[in-house]
2 protein chains.
Amino acid sequence: MPKQFISKNTLYRLPLYLSFLKCLPAECDMISATSIAESLNFNHVQVRKDLASVSDGGRPRVGYKTTELIADLERFFLRKISDNVVIVGMGPLGYALALSSDYKAFGFNVVAAFDHDERVIGKRCGDIEILPVSRLYDFCNAGGVRLGIITTPQNAAQKICDTLTESGAIAIWNFSSAKLHVPEDVLVYDENLTASLAILAAHIKQSR
Amino acid sequence: MPKQFISKNTLYRLPLYLSFLKCLPAECDMISATSIAESLNFNHVQVRKDLASVSDGGRPRVGYKTTELIADLERFFLRKISDNVVIVGMGPLGYALALSSDYKAFGFNVVAAFDHDERVIGKRCGDIEILPVSRLYDFCNAGGVRLGIITTPQNAAQKICDTLTESGAIAIWNFSSAKLHVPEDVLVYDENLTASLAILAAHIKQSR
DNA sequence: TAGATTGTTAATCGATTAACAATC
DNA sequence: TAGATTGTTAATCGATTAACAATC
């Protein structure tokens, strides 16, 4: 079904189609690229190109079968087995992320959390245990952890990142404002909340 | 000091320069665009163009005075007075965001949180009180709230967003996975964590 | 002076959009 | 058949990068 190469911009839009389609009312059994484009404020040709990269279920005059398109998108993201995940930094944000129920839908399984604060080590957060950072390497190495979530302060992030990649992680979800340096095959996805606040501030400023 | 028009991509990079500069060791009193580019993995011409849009402190041979460049960047983001902020949706994520200390640096002041769950209404979160969503419009309208943070489920987000913009908000920080529709002068900054997970999943998949 | 850096003008690249032919 | 939709090929647009002149 899927096609050759997917550009970065397309890759970033695919999840938006998926979440849009998933919250469509049940009676929408067919959906056109045109109507998706309207709802998401995208160009309709762009939507068609994006969808063509993961699905060939589009039919002239009628569009896509909604369930089929959802299935095609999910197939694009899902692996055969789920991947283990750890969270490092158990402040309120790490805590919130540990309690999220979004992981399962994308084949992720949060298996442990880490912190260096004696007062939280040993406690539990939902189903998982909070372990000392000193055990991070061994745990990830033994447990085949593929994704590491970093919610530490900026100055601690690079070292944690190194430990994660050295122990086998190939993806990092970075909530610190540090610029992380990683081996070529590792993806760092930045969720830089401080930078977001700056952008929001700039908008408000120029709105007078 | 600043220049005419700033492109979206440039605007999104400016906060990254700021946080990079801010965590530089104190002995780095001068910094060149070339070295910033190397550290952040950007093209050096791009960095120079970006910085030129907020500062004219660059001097051939020596680069920028670090403190001056930081001040120029901060001047770009800061308003004369700070703006009021509310958070809607007091799950663990809303809670974490309410406790963050990042706001002040960008001239934001979190003044209240809202939820519809009777069990949390009336409680406090740090310095702020959790109020019922039914009071959202009146509170924001009277308090001149400019930024609204949405951490509700996807299906509740649009209605909350409408209430926020109708009561005077001109910026929305959206942590739900809903695509929000707003008046033209309102900025929605999406922090779509579900979409991020999907992108991370896709990377892991194609790494085999 | 030589060299490192700056900022600018021109070339390249890639992504978006427009035009169009094909299909049911 | 007419019309809505699809997917593709070509044109446009904007952003990145390369080349270069200016400066200390």
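Every chain is numbered from 1 and lettered A, B, ... according to where its sequence line falls, protein lines coming before strand lines. Predicted model, so just to flag it, every value in this text is computed and none were measured.
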* To do: Take atom OH of B:Tyr64 and atom P of D:dT23, then tell me their distance rounded to the nearest Å.
  => 16 Å
* Would you please name every residue forming a salt bridge (Lys or Arg N to Asp or Glu O under 4.0 Å) with A:Asp117, sequence neighbours left out? => A:Arg119
* Asked: In chain order, what residues pass the side-chain contact (heavy atoms from CB on, under 4.5 Å) check against A:Ser82, with sequence neighbours excluded?
  -> A:Asn109
* Who passes side-chain contact (heavy atoms from CB on, under 4.5 Å) against B:Ser134, sequence neighbours left out? -> B:Pro132
* **Electrostatic pair A:Asp138-A:Arg135, nearest N-O below 4.0 angstrom** => no
* Structure fact -> Rounded to whole Å, CZ of B:Arg61 lies from P of D:dC24 at a distance of 13 Å
* Heavy-atom contacts under 4.0 Å between residues 28-41 of chain A and DNA chain C, which residues? -> none
* According to the side chain to side chain donor-acceptor pair (under 3.5 Å) rule, which pairs have a member within residues 16-26 of chain B, sequence neighbours left out? -> B:Tyr17-B:Asp50, B:Lys22-B:Glu74
Going by atom type alone, with no hydrogens or angles, which donor-acceptor pairs under 3.5 Å involve a side-chain atom of residues 40-47 of chain A and a protein atom two or more places apart or on another chain?
unit_1  : atom_1 : unit_2  : atom_2 : d
A:Asn43 : OD1    : A:Val45 : N      : 2.7
A:Asn43 : OD1    : A:Gln46 : N      : 3.3
A:His44 : ND1    : A:Arg48 : NH1    : 3.3
A:His44 : ND1    : A:Arg48 : NH2    : 3.2

* To do: Return the stems involving DNA chain C, sorted by first number, where pairs are Watson-Crick (N1-N3 with N6-O4 or O6-N4) or G-U wobble (N1-O2 and O6-N3), both under 3.5 Å, and runs are 3 or more long.
  => C:3-24 with D:3-24
* To do: Would you list the pairs meeting salt bridge (charged side-chain N to carboxylate O under 4.0 Å, His left out) in which at least one residue belongs to residues 77-103 of chain B, sequence neighbours left out?
  => B:Arg79-B:Asp83, B:Asp83-B:Arg146
* To do: Take nucleotides 11-22 of chain D nucleotide by nucleotide from the 5' end and write B, S or -, depending on whether a protein heavy atom sits under 4.0 Å from the base, only from the sugar-phosphate, or from neither.
  => ----SSBB----
* Asked: If you look only at pairs with a residue in residues 166-178 of chain B, which of them pass as a side chain to side chain donor-acceptor pair (under 3.5 Å), with sequence neighbours excluded?
  -> B:Trp173-B:Glu191, B:Asn174-B:Ser176, B:Asn174-B:Asp190
* What pairs with B:Phe114 under ring-ring contact (aromatic ring centres under 6.0 Å, His included), at least two apart in sequence or on another chain? -> B:Phe139
* To do: Kindly write out the residues that satisfy ring-ring contact (aromatic ring centres under 6.0 Å, His included) with B:Tyr137, not counting sequence neighbours, or none if the list is empty.
  => none
